[in-house]
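The model shown is predicted, which means the values in this text are computed figures rather than measured ones.
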Amino acid sequence: MVKDDDISQELSKLLEEYGKESIIALKREIKIRDLQVTSKTINSITHKVSPYKVVISFDKVLNILDRGRRKGKKRPHVDSILQWMKDSQIQPRNNRKKGNLSGRFTKKSDRNMKSSAFAIARAIGKKGTIKRFGHKGAKILKVIRSGSNAMNNLKSGIKEITGKQMKQSFKQLKKK
């Protein structure tokens with residue numbers, strides 16, 4: 001006889017495996033696509049298993065990396081861009097519009113950094129993010145969505161567990 005506790009434990013184990021596999025896949029995808037500036041985003045990816053569900057949580061930056069920011073939308077806050085510039089060690093350039101056509105690097109003063117951050121934020125507002133992905137985002141979360149290896153393993157595991165339960169139920173009915 002299959003007990004509800006046995007099924008529940010099997011499902012919890014299966015969901016835990018899916019959670020771990022999903023986190024590994026997400027972290028790998030971020031590294032492969034070279035989207036990691038600091039370890040903050042990667043370290044924010046966690047999972048939690050509760051009865052009959054898995055919750056995968058992460059920093060809001062991952063959503064922006066996944067979907068991008070479409071053009072014409074509200075631009076990001078300058079402080080966020082400034083922090084990204086510092087984390088990425090991006091050095092500002094001279095302003096080419098004011099007769100200084102060199103576009104060479106300039107010193108990292110607060111004023112130059114804020115000016116560059118403002119220009120980047122304005123460009124994101126006008127054009128969107130992540131130029132190399134066509135300003136549409138990197139589509140990172142697809143590695144854990146429907147059709148992914150992790151999801152296929154989860155589906156086949158659930159089919160196996162429910163198949164066992166149905167066989168046991170039918171055997172019990174035949175005995176009566």
I'd like a table of donor-acceptor pairs (distance under 3.5 Å, sequence neighbours excluded) in which one partner is a side-chain atom from residues 54-65, with atom names and distances.
from : atom 1 : to  : atom 2 : distance (Å)
S57  : OG     : T46 : OG1    : 2.9

- Query: What's the verdict on side chain to side chain contact (heavy atoms under 4.5 Å, CB included) for Q91 and M85, showing C-alpha distance, side-chain angles and the deciding distance?
  - Reply: CA-CA 8 Å; Q91 188 165 352; M85 287 176 67; over 6 Å; no

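- Partners of R145 according to the salt bridge (charged side-chain N to carboxylate O under 4.0 Å, His left out) rule, which considers only residues two or more places apart in sequence or in another chain, are D66.
- Note that the CD1 atom of I144 and the CG atom of L26 stand 4.5 Å from one another [nearest 0.5 Å].
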- Task: Let me see the working for H47 and E16 under side chain to side chain contact (heavy atoms under 4.5 Å, CB included), right down to the final yes or no.
- Result: CA-CA 8 Å; H47 78 284; E16 181 67 34; 2.8 Å; yes

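- A salt bridge does not link K142 with E29: every distance from a Lys NZ or Arg NE/NH1/NH2 to an Asp or Glu carboxylate oxygen is 4.0 Å or more.
- With sequence neighbours left out, K126 forms a side-chain contact (heavy atoms from CB on, under 4.5 Å) with R122.
- From L35, atom CG reaches atom CZ of R33 across 7.0 Å, with rounding to the nearest 0.5 Å.
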Please table the atom pairs, donor to acceptor, closer than 3.5 Å between any side-chain atom in residues 150-158 and protein atoms at least two apart or in another chain.
from : atom 1 : to   : atom 2 : distance (Å)
N152 : ND2    : G147 : O      : 3.4
N152 : ND2    : S148 : O      : 3.3
N153 : ND2    : E21  : OE1    : 3.4
N153 : ND2    : E21  : OE2    : 3.0
N153 : ND2    : N149 : O      : 3.3
S156 : OG     : N152 : O      : 3.3
S156 : OG     : N153 : O      : 3.1

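- Closest heavy-atom contact between V49 and S12: CG1-O, 4.2 Å.
- K13 pairs by the side-chain contact (heavy atoms from CB on, under 4.5 Å) definition with E17, not counting sequence neighbours.
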- Task: Take L14 and E160 through the test side chain to side chain contact (heavy atoms under 4.5 Å, CB included) and record every step on the way to the result.
- Result: CA-CA 11 Å; L14 186 64; E160 187 179 315; over 6 Å; no

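- Checked by atom type and distance alone, the side chain of S80 never pairs as donor or acceptor with a backbone atom of P76 at under 3.5 Å.
- With sequence neighbours excluded, the residues forming a side chain to side chain donor-acceptor pair (under 3.5 Å) with Q83 are D87, listed by chain and number.
- Between Y52 and L11, the closest heavy-atom pair is CE2-CD1, 3.5 Å.
- Taken from NZ in K27 to CD1 in I32, the straight-line distance is 14.5 Å, to the nearest 0.5 Å.
- I90 and V78 fall into different hydrophobic clusters, where Ile, Leu, Val, Met, Phe, Trp and Tyr residues are linked whenever their side-chain heavy atoms come under 4.5 Å apart, directly or through other members.
- With a 4.5 Å cut-off on side-chain heavy atoms, F118 and I81 do not count as touching.
- Heavy atoms only, all atoms of each residue included: K139 and R67 are closest at NZ-O, 4.5 Å.
- Looking only at side-chain heavy atoms (C-beta outward), K114 and L82 come within less than 4.5 Å of each other.
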